[in-house]
Amino acid sequence: MARGVSSIPAGAVLALAFLALMHTPVFASDVAVPDNGCTATLTEVAALPTEGNSGFEAWVEGEDIRLIAANLWDGINPLMESGSWIYNVSGDKDGVLTVNKLQRIPTTGATQAKYIPGPNGRDMLMINNYMKCGGKEEATARERPPCGPTSVYVPDGPGWADYKSLRTVGPTKSEYIYVGGGALWISVVENFMDQVSLWQFQRQDNNFDRRASMRVHAASDAVPTLVDDTLYFTVASKQSEKGSNNSACVLFALVDGSLMQVGALPAFGTSDLETIKFKGEDWLFVANERTEATVMINSHVYKFDKTGWAAFQDIPTTGARGGHFFIVGEDLWLGVANFGDMKHGKVESKSSLWRLNKEDQKFERMVEVDSFGATNWRHFTIKGHHFLALANQGHLTAKKYQTSYIYRLDTTCGGGDGSTPTRAQPMEEPLPPVPPAPEALPETPKSEL
């Protein structure tokens, strides 16, 4: 198989599209709530006004939780300028929350906020401003003013201060991974460029070096996975080159300093990927939003097997926009955020929580709530209680359903602390050697950062 540092051959893209077309989706149906002595309830404990919430991010700050809503648009501003609020969330021993606004960060079509713990002992908050440089035509023009739509913030007292900007084009999602002696790699999906750029954080000068890119048509999300000293990236495509929702998720491996395409998975309008390492095993959730005909389709759970993702289970979804793995006690859970049918303006749906049954090794739907253009779940714990924030984007043009919610999860399935990221989150396993870096891209010199 041919190797390439920055792109997939056109023929390979067409082959991937063909693979997706050959995979017939299974349509969603009702799933029975399990009768195994394990129960779960969600109780609404807070309602937050949001503006087209693209998703929540959460992290620990002392005894409290910080929660940010990445707001896409208020439905009014013609430039999609808005603000993304950071909240301080505190709670008591009875599971009662107090939520206060802490800081408003100016954003322009924000699609995601990503918390990155501790490079050089300093946390970072990365926000992707999809429309900061204008629409696709304007953002991809050869002659344009300097524009850094991926904004990086660092702690400044109780809030966050603007630190750096990365010159990306139509950024939607960022993910990070630490490898080797603490080397930080970051992927940024640049939707307007049909690519995912890879960056390394340089500790000596606190800078980001753009190292390589992976070209995938209509790239929508990318997640890293480290398996047996090999660094993999799974990249989702929302559409094929012909505009069909039947596309693919492409798997790359970093081998001897080069990015090699090593596999592909079927995808149907996919805009979100989620991974977790649980008890030494790597899991992937692919959130499928729609085929050409319907949003009532299955999304997919995979487990990594030797050199690639192996199918594990289909999850019935309704326009899935987000997945979120989290841990309660000794159990693996999955939150599924169902957007509904955006194409036909129907954002009313139900979003659900699933638990991996230890006996039959299948995810079972435990509980669901009404949702309105849901984009993601985010789990956190306070004083032994488990909470989940559900982001609703709502119906932007109709200016409806602009409220997101926090729920308390009560379950008889076992307790214990969750997996909310902290400032000093320990690694599950010893760090392997740092993989060789790909060659730097000549079209993106360091001076542009």
| Aromatic plane relationship, Phe387 with Phe380 - under 30° parallel, 30 to 60° tilted, over 60° perpendicular | parallel
| Is it true that a side-chain atom of Asn120 and a backbone atom of Arg122 form a donor plus acceptor pair closer than 3.5 Å? | no
| request: Please determine if Asp341 and Arg290 form a salt bridge, counting it only when a charged side-chain N lies under 4.0 Å from a carboxylate O. | output: yes
| task | Could you pull out the closest heavy-atom pair between Ser271 and Lys173, with the gap in Å? | result | O-NZ, 3.0 Å
| task | Please step through side-chain contact (heavy atoms from CB on, under 4.5 Å) for the pair Ile86 and Leu125, ending with a clear verdict. | result | CA-CA 11 Å; Ile86 298 176; Leu125 183 63; 4.1 Å; yes
| Donor-acceptor side-chain pairing of Trp377 and Ser351 below 3.5 angstrom | no
| query | Closest approach of Leu72 and Leu396, non-hydrogen atoms and distance? | reply | CD2-CD1, 3.9 Å
| Under 3.5 Å, is there a donor-acceptor pair between the Thr270 and Asn288 side chains? | yes
| Is there a donor-acceptor pair closer than 3.5 Å between any side-chain N or O of Asn191 and the backbone N or O of Ser220? | no
| said: Under a plain distance cut-off of 3.5 Å, with no hydrogens placed, do Asn128 and Thr150 share a side-chain donor-acceptor pair? | reply: yes
| Tyr130 vs Phe192 aromatic rings, parallel, tilted or perpendicular, using cut-offs 30° and 60°? | tilted
| Are Lys279 and Glu330 within salt-bridge range, i.e. N to O under 4.0 Å? | yes
| query | Can you check ring-ring contact (aromatic ring centres under 6.0 Å, His included) on Phe285 and Trp354, steps first, answer last? | reply | CA-CA 12 Å; Phe285 178 72; Trp354 299 66; 9.2 Å; no
| query | If you round to the nearest 0.5 Å, how far is CG of Leu334 from CG of Leu356? | reply | 10.0 Å
| request: Evaluate the side-chain proximity of Val196 to Val216: yes if any heavy-atom separation is below 4.5 Å, no if none is. | output: no
| said: Quick check for you: to the nearest 0.5 Å, what is the distance between Leu254 atom CG and Leu226 atom CG? | reply: 10.0 Å
| Quick one: side chain to side chain donor-acceptor pair (under 3.5 Å) partners of Ser151, sequence neighbours excluded? | Asn129
| request: Take the angle between the ring planes of His379 and His324 and call it parallel below 30°, perpendicular above 60°, tilted in between. | output: tilted
| Are Lys164 and Tyr153 in a cation-pi setup, meaning NZ or CZ lies under 6.0 angstrom from the ring centre and within 45 degrees of the ring axis? | no
| said: Ignoring hydrogens and geometry beyond distance, is a side-chain donor-acceptor pair present between Gln200 and Asp209 at under 3.5 Å? | reply: no
| request: State, to 0.1 Å, how close Thr403 and Asn392 come at their nearest heavy-atom pair, and which atoms those are. | output: O-ND2, 3.1 Å
| query | At what distance, to the nearest 0.5 angstrom, does CG of Leu259 lie from CG of Leu198? | reply | 6.0 Å
| Electrostatic pair Arg215:Asp194 at N-O distance under 4.0 angstrom | no
| query | Does one side chain, of Ser82 or Thr107, offer a donor that lies under 3.5 Å from an acceptor on the other? | reply | no
| Ser404 and Thr50: which non-hydrogen atoms are nearest, and at how many Å? | OG-OG1, 3.0 Å
| field | Whether Ser352 side chain and Glu368 backbone form a donor-acceptor pair below 3.5 Å | value | no
| field | Parallel, tilted or perpendicular: ring planes of Tyr232 versus Phe304, cut at 30 and 60 degrees | value | tilted
| Short N-O contact, Lys399 and Asp74, less than 4.0 angstrom | no
| message | Here's one to test your reading of the geometry: is the NZ or CZ of Arg378 within 45 degrees of the ring axis of Phe56 and under 6.0 Å from its centre? | response | no
| said: Set out, in order, the CA-CA distance, both residues' side-chain angles and the distance that settles side-chain contact (heavy atoms from CB on, under 4.5 Å) for Thr411 and Thr41, then state yes or no. | reply: CA-CA 6 Å; Thr411 173; Thr41 59; over 6 Å; no
| task | Could you tell me whether a side-chain N or O of Asn338 sits under 3.5 Å from a main-chain N or O of Gly340, the two making a donor and an acceptor? | result | no
| field | Side-chain H-bond candidate by donor/acceptor type, Thr111 with Thr172, under 3.5 Å | value | no
| Looking only at atom types and distance, does a side-chain atom of Glu274 sit under 3.5 Å from a main-chain N or O of Phe325, one as donor and one as acceptor? | yes
| query | Taking the inter-plane angle between the rings of Tyr178 and Tyr176 on a 0 to 90° scale, is it parallel (under 30°), tilted (30 to 60°) or perpendicular (over 60°)? | reply | perpendicular
| query | So, Ser197 and Trp199: side-chain donor and acceptor under 3.5 Å apart, yes or no? | reply | yes
| field | Tyr87 side, atom OH; Leu48 side, atom CG - distance, nearest 0.5 Å | value | 5.0 Å
| For Gly394 and Gln402, which heavy atoms make the closest approach, and how far apart are they? | CA-NE2, 3.7 Å
| said: Taking CD in Gln361 as the centre, count heavy atoms belonging to other residues, nucleotides or ligands within less than 6.0 Å. Is the count above 12? | reply: yes
| Going through the distances and angles, do Ser371 and Ser349 end up as a side chain to side chain donor-acceptor pair (under 3.5 Å)? | CA-CA 5 Å; Ser371 57; Ser349 187; 4.8 Å; no
| said: Would you say the ring centers of Trp160 and Trp85 fall short of 6.0 Å from each other? | reply: no
| task | Please determine if Glu138 and Lys132 form a salt bridge, counting it only when a charged side-chain N lies under 4.0 Å from a carboxylate O. | result | no
| said: Go through it in stages, so that I can follow the logic: the residues are Lys238 and Glu289, the test is salt bridge (Lys or Arg N to Asp or Glu O under 4.0 Å), and I'd like the CA-CA distance, side-chain angles, deciding distance and then a yes or no. | reply: CA-CA 9 Å; Lys238 197 171 180 66; Glu289 187 169 347; 2.9 Å; yes
| request: Could you please spell out the steps behind the side chain to side chain donor-acceptor pair (under 3.5 Å) verdict for Asn53 and Gln393? | output: CA-CA 4 Å; Asn53 192 353; Gln393 193 169 97; over 6 Å; no
| said: Looking at every heavy atom in both Thr291 and Asn245, which two are closest together, and how far apart are they? | reply: O-OD1, 3.5 Å
| task | Using only heavy-atom distances, determine whether the side chains of Asn376 and Asp272 contain a donor-acceptor pair under 3.5 Å. | result | no
| field | From CG (Leu388) to CD1 (Ile406), nearest 0.5 Å | value | 10.0 Å
| query | Sub-3.5 Å donor-acceptor pair from the side chain of Asn71 to the main-chain atoms of Gly83, do we have one? | reply | yes
| said: Here's a test for you: under ring-ring contact (aromatic ring centres under 6.0 Å, His included), which of Phe363, Tyr302, Trp333 qualifies with Trp283? | reply: Phe363
| Is there a donor-acceptor pair closer than 3.5 Å between any side-chain N or O of Asp314 and the backbone N or O of His300? | no
| request: May I ask you to check whether Ser247 and Ser240 show a side-chain donor-acceptor distance below 3.5 Å? | output: no
| query | Is there a salt bridge (Lys or Arg N to Asp or Glu O under 4.0 Å) between Lys303 and Asp282 once you walk through the steps? | reply | CA-CA 6 Å; Lys303 285 176 66 176; Asp282 291 283; over 6 Å; no
| query | Counting only N and O atoms by type, is there a donor-acceptor contact under 3.5 Å from the side chain of Thr317 to the main-chain atoms of Ala287? | reply | no
| said: Under the criterion ring-ring contact (aromatic ring centres under 6.0 Å, His included), I'd like the reasoning laid out for Phe233 against Phe252: C-alpha separation, chi angles, the key distance, then a yes or no. | reply: CA-CA 5 Å; Phe233 293 91; Phe252 295 88; 8.2 Å; no
| Pairwise distance OG(Ser174) to CD(Glu190) - rounded to 0.5 angstrom | 9.5 Å
| query | Relative to Tyr115, does Arg66 satisfy both conditions: NZ or CZ under 6.0 angstrom from the six-membered ring centre, and within 45 degrees of the ring's axis? | reply | no
